[in-house]
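Have a look at the structure below before the remarks.
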Amino acid sequence: MAKPLSWNEIRSRAVAFSKEWGGETREHAEAKTFWDAFFKVFGLTRRHVASFEEPVKNLGGNYGFIDLFWKGQLLAEHKSRGKDLGKAHAQAMDYIQSLQREGRGDEAPRYVIVSDFARMAIHDLEEGATVTFPLAELHANVNHFGFIPGYKQHKLEPEDPINIKAVQIMGDLHDALEAGGYSGHELERLLVRVLFCLFSEDTGIFERNAFQLFLENHTHPDGTDLGPQLAQFFQVLNTPEGARQTNLREELADLPYVNGELFAERLSFAAFNRDMRNRLLAATHFDWSRISPAIFGALFQAIIEPAERRQIGAHYTSERDILKVIGPLFLDALQADLKKAGRDKNKLRKLHQRLERMRLLDPACGCGNFLVVSYRELRLLELEIVRRLLKGQQLTDIGAIIKLDVSQMYGIEIEEWPTRIAEVAMWLMDHQMNQMISREFGEYFVRLPLISSPHIYNGNALTTDWNDILPASECTHVLGNPPFSGAKYQIKRQRTEIDEVSGHIKNSGLLDYVTGWYFKASEYIQGRDITVAFVSTNSISQGEQVGVLWGELFRKYGVSIHFAHRTFAWESEARGMAHVHVVIVGFGAKPAKQRLLFDYETIRGEPTGVAVANISPYLVEGPDVTVTNRSGPLCAAPEIGIGNKPIDDGNYLFTDEEKEQFVQQEPASEPFFKRWYGSREFINRSPRWCLWLGDCQPNELRAMPFALKRIDAVRKFRLASKSAPTRKLADQPTRFHVHNMPTGDYLLIPEVSSERRRFIPMGFMGPDVLCSNLVKLMPHATLYHFGMLSSTMHMAWVRSIAGRLKSDYRYSAKLVYNNYPWPQKVSDKKRQAVEDAAQAVLDAREAHPDATLADLYDPLSMPPDLTKAHTQLDRTVDRCYRSQPFPNERNRIEYLFMLYQQLTAPLIPAKKGR
């Protein structure tokens with residue numbers, strides 16, 4: 001008997017068959033022609049094995065005719081397009097019963113196939129299983145018809161989609177191997193190979209269930225030989241067909257040559273047991289083809305890290321957010337050019353060549369999500385180009401027409417296992433796109449062995465010369481999601497790296513870790529047309545960091561921001577990332593032809609893009625100007641300072657109960673107690689008490705023994721400090737490190753306030769109240785000052801300029817207040833209107849005496865009268881700036897930056913490098 005066709009050949013023929021017969025033009029073709037063509041897919045001539053219109057007598061004594069009959073094997077019924085396949089199946093079952101009644105039971109088939117030109121269903125009557133699929137997907141289901149060419153047929157068992165159970169099974173296998181001493185690099189490499197095999201047998205890289213059947217048929221049930229058998233399986237995959245041993249088992253000999261270095265390294269044998277073997281076999285019963293390679297890395301990380309197994313997808317950037325990066329970076333322009341090209345073949349060929357020249361670098365690639373999605377989108381674009389180029393032409397070799405391959409993707413990743421995962425994910429995406437090409441053009445297209453490989457380098461991106469990975473002369477785009485790590489949370493190595501890549505600039509200690517990639521990229525792209533886009537925490541566009549980072553990027557490298565997404569909520573659900581607010585910044589060494597700014601009505605909403613003249617580092621339309629610390633107010637406004645800083649180890653601060661108990665012990669101390677407010681105490685109207693003894697006479701102090709104990713405790717605390725100024729302060733233990741005690745009324749400004757509030761609650765205090773260093777104080781403040789600082793206009797400035805403590809606003813004197821551009825030349829009438837509106841805000845607060853400021857300014861509980869008062873205050877403040885209203889916050893901040901530039905223009909040095 002002749003050897004059956006290879007599965008790859010069958011699959012290739014199936015693609016061509018689906019393309020020819022899946023269209024509506026063949027709807028009225030004869031069933032005989034259809035089934036003749038179907039059998040040719042499997043290398044058989046239909047008439048040699050099966051007959052048409054086989055007569056069989058029904059219950060009524062009349063003859064019916066089976067459309068196609070292969071004795072003992074197959075019965076097929078064919079219907080017109082769109083007809084009920086269930087009725088066709090019922091008719092086939094009637095025919096089988098009739099065969100039994102006629103005494104022809106030995107001719108009864110095991111399989112029933114029904115089709116209507118568009119769909120096909122195969123029923124395995126022995127196993128009671130059914131598989132239904134569109135005719136266009138025949139190539140992906142040919143394994144179910146293995147009995148036709150003569151392959152041993154296995155149970156038709158629909159697989160479960162990949163889910164958390166499969167991840168748990170693989171995770172348990174990982175844990176068991178690790179507990180047995182098989183760990184680290186070898187364990188991770190082994191699991192990468194296993195996942196590749198699971199994916200391959202479900203997507204046509206291997207024969208269907210090849211990995212599963214090898215495990216079932218050629219490993220011992222107790223698992224003792226599973227390690228060596230896996231090693232042999234992997235070795236065959238790494239050996240060209242012509243170089244393999246001639247006496248290999250057929251299952252191994254039929255495996256494709258994969259190459260790509262995935263199976264090149266020799267690993268020591270892993271020791272398995274029965275339970276571990278069963279777990280691996282259980283994993284083969286899931287449908288791994290449904291995994292997008294874009295989340296392949298997330299899946300693997302969930303397996304590697306036990307604590308994360310219930311958060312599939314937690315470790316990858318959502319495709320939606322990746323598209324926000326690659327869209328304005330390169331994809332939107334390419335799609336626009338495709339639209340312009342239309343059917344013009346010269347333009348299409350030039351666009352195709354442009355795609356072929358593209359080289360992408362992700363210098364913090366992790367498991368390769370950005371590169372995988374980028375590659376997919378470029379391949380889809382290429383598919384449309386080829387579709388237009390080949391319209392009306394006879395296809396000869398699709399492989400010669402497809403120009404894009406994974407070697408155009410470059411990455412740097414500091415950890416080894418994500419590096420390997422990124423490579424595999426790229427190959428898997430390439431295979432999926434090749435399958436799409438096969439379906440489109442009716443020619444089976446597969447790239448095996450793996451000749452082209454993505455260039456994923458395992459190393460530290462901040463200490464590596466990117467030109468060693470991809471010369472800047474060849475690169476077209478840099479993109480990615482560098483690691484989030486705030487300045488205060490960096491380890492020593494990270495701080496050193498930031499200091500090095502920033503060129504030891506002043507205040508580099510303020511910079512988040514992600515800024516290192518901005519410095520490296522800016523240096524890398526000098527003199528090139530390379531464009532860059534990074535996802536980053538929004539802190540790089542807020543607070544002191546802006547001046548340090550962007551001031552240097554503008555001055556030294558002359559970068560220009562091309563597009564930006566203002567703050568939005570990160571889609572990842574990774575532990576610690578659920579509430580991260582991020583921005584996307586696209587930039588280059590040369591100005592962009594068009595600058596796009598994307599804004600969000602809510603941080604979890606959809607972006608709206610608008611073309612702007614220039615994008616400032618605060619991600620609003622405006623000049624390339626940064627706001628840095630200023631020692632005094634920019635405008636004619638009162639100075640503000642911090643409150644009191646005791647450095648007392650809590651000895652001078654009391655709650656109501658503690659103060660009452662102390663006064664009972666020390667009655668003479670009562671006159672020296674003053675109310676004490678910090679940000680929290682003020683906003684929640686829960687002041688503490690401060691025992692202020694700085695002005696107490698010596699004889700009074702000596703008459704208070706309990707107070708003296710407190711003073712001595714403060715002295716000892718200060719003497720034990722590592723700070724020389726604090727130790728020196730021990731000589732005056734009744735004094736504070738910082739004193740700020742106004743003699744008249746003053747305005748209190750909380751230093752920290754929740755981002756949920758529309759306004760930072762401020763208020764007036766009298767001289768009998770002391771405040772901590774966690775608030776700002778403005779002596780001699782008027783209602784006008786209170787009104788201005790309590791306005792939406794001022795809050796727009798705060799939200800753009802202020803730093804953050806977690807996500808809360810951190811109000812600073814030098815950065816936020818001193819740089820605030822107050823309105824110029826305000827008339828007495830407008831000033832009075834602001835003061836009247838400000839008083840109305842205070843009156844509205846007083847109308848709710850039992851409510852705290854936290855209650856009053858919570859957006860869900862803010863009372864209508866207070867909301868109305870603030871709305872009126874905003875109107876009066878806005879009129880001090882201009883007569884037209886401000887439609888939104890971005891418009892406000894753009895106006896404020898324009899005013900800031902006017903007020904500081906003589907003081908701003910000329911920029912270099914542009």
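Atom set for the values below is all heavy atoms of this structure, side chains included, hydrogens, waters and symmetry mates excluded.
With values rounded to the nearest 0.5 angstrom, L389 atom CG is found 10.0 Å from E384 atom CD. Note that the CG atom of N481 and the CG atom of D362 stand 8.5 Å from one another [nearest 0.5 Å]. Atom CG in L323 sits 6.5 Å away from atom CD in E319 (nearest 0.5 Å). I540 contributes atom CD1, which lies 6.0 Å from atom CG of L549 (distance to the nearest 0.5 angstrom). To the nearest 0.5 Å, atoms CG (L190) and NE2 (H185) are separated by 10.5 Å. For the atom pair CD1 of I584 and OG of S541, the computed distance is 12.0 Å after rounding to the nearest 0.5 Å.
Distance alone, capped at 3.5 Å, is enough to place a donor-acceptor pair between the H562 side chain and the K590 backbone. Looking only at distances, no side-chain donor or acceptor of H352 sits under 3.5 Å from a matching main-chain atom of E382. For S508 (side chain) and H504 (main-chain N/O), no donor-acceptor pair under 3.5 Å exists by modelled atom type. Using a distance-only test at 3.5 Å, with no hydrogens or angles considered, no donor-acceptor pair links the side chain of R359 to the main chain of Y410. Side chain of K520 to backbone of T464: a donor-acceptor contact under 3.5 angstrom is found. Looking only at distances, a side-chain donor or acceptor of N467 sits under 3.5 Å from a matching main-chain atom of A472. Looking at Q545, its side chain never comes within 3.5 Å of a backbone N or O of L511 through a donor-acceptor pair. Checked by atom type and distance alone, the side chain of R343 never pairs as donor or acceptor with a backbone atom of R388 at under 3.5 Å. Under the 3.5 Å distance criterion, the side-chain polar atoms of N614 are matched with a main-chain donor or acceptor of G622. Side-chain atoms of E201 come within 3.5 Å of backbone atoms of F211 as a donor-acceptor pair (strictly under, hydrogens ignored).
Counting all heavy atoms, side chain and backbone alike, P617 lies closest to V625 at CG-O, 3.5 Å. Across all their heavy atoms, L338 and L381 have their closest contact at CD2-CD1, 3.7 Å. Listed here is the closest heavy atom pair of L255 and E241: O-OE2, 4.2 Å. The shortest non-hydrogen separation linking G551 to T626 is N-CG2, 3.8 Å. Taking each heavy atom of I615 and L596 in turn, the nearest pair found is CD1-O, 3.4 Å. When all heavy atoms of L470 and Y524 are compared, the pair lying nearest together is O-OH, 2.5 Å.
In terms of the salt bridge (charged side-chain N to carboxylate O under 4.0 Å, His left out) criterion, R528 has no residue partners (sequence neighbours excluded). Not counting sequence neighbours, E621 has no partner by the salt bridge (charged side-chain N to carboxylate O under 4.0 Å, His left out) test. Remark: E265 pairs with R189 by the salt bridge (charged side-chain N to carboxylate O under 4.0 Å, His left out) rule, at least two apart or across chains. Remark: E137 engages no residue in a salt bridge (charged side-chain N to carboxylate O under 4.0 Å, His left out) (not counting sequence neighbours). Qualifying side chain to side chain contact (heavy atoms under 4.5 Å, CB included) partners for F330, counting only residues two or more places apart in sequence or in other chains: I326, L334, M358, L360, S374, L378, H477.
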* Please test L380 against M433 for side-chain contact (heavy atoms from CB on, under 4.5 Å), starting from the C-alpha separation and ending with a verdict. => CA-CA 8 Å; L380 290 173; M433 300 313 299; 3.5 Å; yes

* **Derivation of the side-chain contact (heavy atoms from CB on, under 4.5 Å) call for E523 and W466** => CA-CA 10 Å; E523 181 180 30; W466 295 1; over 6 Å; no

* To do: Begin with the C-alpha distance, continue with both residues' side-chain angles, and end with the deciding distance and a verdict on side-chain contact (heavy atoms from CB on, under 4.5 Å) for V406 and E423.
  => CA-CA 9 Å; V406 293; E423 292 172 344; over 6 Å; no

* Does the side-chain contact (heavy atoms from CB on, under 4.5 Å) test come out yes or no for H565 and Y600, once each step is laid out? -> CA-CA 8 Å; H565 281 259; Y600 295 77; 2.8 Å; yes

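Residues R420 and N458 bring no donor and acceptor atom of their side chains to less than 3.5 Å of each other.
Contact of the C197 side chain with the F206 side chain is registered, since non-hydrogen atoms from C-beta on lie closer than 4.5 Å. Side chains of V535 and K324 form no contact here, defined as non-hydrogen atoms less than 4.5 Å apart. Two residues are said to be in side-chain contact when any heavy atoms from C-beta on lie closer than 4.5 Å; L138 and V142 meet this criterion. No side-chain heavy atom of F534 sits under 4.5 Å from any side-chain heavy atom of V325. Annotation: side chain of N460 is in contact with side chain of R493 (closest heavy-atom distance under 4.5 Å). Residues R890 and L597 are in side-chain contact: their nearest non-hydrogen atoms beyond the backbone lie under 4.5 Å apart. At least one side-chain heavy atom of S560 sits under 4.5 Å from a side-chain heavy atom of R595. With contacts defined as side-chain heavy-atom distances shorter than 4.5 Å, the pair I421/E188 does not qualify.
Surrounding CD of Q432 are more than 12 heavy atoms belonging to other residues, nucleotides or ligands, all under 6.0 Å away. Around the CZ atom of R266, the shell of radius 6.0 Å holds no more than 12 heavy atoms that belong to other residues, nucleotides or ligands.
Screening residues 464-474 for salt bridge (charged side-chain N to carboxylate O under 4.0 Å, His left out), with sequence neighbours left out, gives no hits.
Residues D337 and K347 are not paired through a salt bridge, judged by the lack of any N-O separation under 4.0 Å between the basic side chain and the carboxylate.
For an aromatic pair to be called close, the ring centres must be under 6.0 Å apart, and F598 with F568 fails this. Ring centroids of Y518 and W550 are separated by less than 6.0 Å, placing the two rings close together.
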